[in-house]
Amino acid sequence: MNPGRLDKRIIFGTFTSVENAYQDYVITFVPVLATWSNIKPYDGNRQLQAQEQVINQTFRFTVRYRRDFTPTKDMRIEYDGSYFTIHSIRNVDDLFRFYEILGSVTDNGS
């Protein structure tokens with residue numbers, strides 16, 4: 001992978017419940033790391049879930065390896081106002097230069 005192709009800004013983060021001023025708990029996105037990525041559509045399909053037709057679209061995110069950060073499946077990716085659930089993380093060439101992450105769009109941000 002040519003590092004010059006990492007041209008999209010993404011944010012890794014987690015969802016946490018936080019108490020607001022009215023003592024209600026709200027779920028909020030807590031950023032962990034902002035980095036550059038290459039994003040490509042990977043797969044898409046349609047399913048029938050709960051009597052509704054749902055379109056699932058999976059994307060492949062390629063990011064550089066960092067010694068100070070390791071992505072996990074518990075995290076979410078924020079890109080262009082959408083949140084992505086991480087399904088798999090793999091070391092692209094076993095040389096710890098790039099990670100390839102498969103993620104699908106999460107509708108409700110949870």
Side-chain angles (χ1 to χ4, degrees):
M1 166 66 66
N2 178 354
R5 292 184 184 215
L6 305 177
D7 58 350
K8 306 287 191 261
R9 196 73 169 162
I10 65 170
I11 300 171
F12 286 94
T14 58
F15 282 100
T16 307
S17 75
V18 197
E19 189 174 359
N20 65 11
Y22 303 106
Q23 280 100 24
D24 292 330
Y25 284 94
V26 293
I27 296 177
T28 185
F29 184 75
V30 179
V32 175
L33 174 76
T35 189
W36 295 100
S37 175
N38 178 274
I39 302 171
K40 298 268 187 209
Y42 181 73
D43 187 25
N45 60 34
R46 281 190 270 189
Q47 297 178 354
L48 191 63
Q49 293 179 358
Q51 304 297 331
E52 290 185 22
Q53 193 168 12
V54 177
I55 298 173
N56 294 322
Q57 191 165 12
T58 304
F59 289 86
R60 179 181 11 214
F61 298 87
T62 305
V63 296
R64 288 192 86 140
Y65 170 80
R66 294 176 58 131
R67 289 183 191 193
D68 62 341
F69 174 76
T70 302
T72 66
K73 290 184 181 181
D74 296 332
M75 294 180 176
R76 301 288 187 267
I77 295 174
E78 181 186 5
Y79 170 68
D80 199 25
S82 297
Y83 296 99
F84 295 82
T85 301
I86 297 173
H87 297 293
S88 71
I89 303 164
R90 113 182 149 89
N91 184 354
V92 174
D93 52 9
D94 292 327
L95 297 176
F96 291 102
R97 295 187 316 171
F98 296 98
Y99 284 120
E100 183 179 273
I101 301 165
L102 295 181
S104 63
V105 177
T106 304
D107 293 337
N108 58 4
S110 61

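Every heavy atom of this structure was used, including side-chain atoms; hydrogens, water molecules and symmetry mates were not.
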### Centroid-centroid distance, Y79 to F59, less than 6.0 Å
no
Between atom [atom1] of [X] and atom [atom2] of [Y], what is the distance when rounded to the nearest 0.5 Å?
X   : Y    : atom1 : atom2 : result
R66 : L33  : CZ    : CG    : 4.5 Å
Y42 : L102 : OH    : CG    : 5.5 Å
T70 : F12  : OG1   : CZ    : 10.5 Å
R9  : T35  : CZ    : OG1   : 6.0 Å
I77 : I11  : CD1   : CD1   : 11.0 Å
E78 : D80  : CD    : CG    : 9.5 Å

### Query
If every non-hydrogen atom of F98 is compared with every non-hydrogen atom of N91, which pair is closest and at what distance?
O-OD1, 3.5 Å
### Summary
Nearest heavy-atom approach of P41 to Q57 is CB-NE2, 4.4 Å
### Query
With sequence neighbours left out, which residue pairs that include part of residues 92-101 fulfil the side chain to side chain donor-acceptor pair (under 3.5 Å) condition?
R90-E100, D93-R97
### Message
Whether the side chain of K8 engages the backbone of N38 through a donor-acceptor N/O pair (distance < 3.5 Å, no angle test) should be reported.
### Response
no
#### Entry: Side chains of R76 and T14 in contact at under 4.5 Å (non-hydrogen atoms)
no
### Minimum side-chain heavy-atom gap F84-I10 below 4.5 Å
no
Identify every side-chain donor-acceptor pair in residues 18-32 under 3.5 Å, counting partners at least two apart or on other chains, and give the distances.
unit_1: N20; atom_1: OD1; unit_2: Y22; atom_2: N; d: 3.0
unit_1: N20; atom_1: OD1; unit_2: Q23; atom_2: N; d: 3.4
unit_1: N20; atom_1: OD1; unit_2: D24; atom_2: N; d: 2.9

### Task
Mind running side-chain contact (heavy atoms from CB on, under 4.5 Å) on T62 and R5 for me, showing each step along the way?
CA-CA 9 Å; T62 305; R5 292 184 184 215; over 6 Å; no
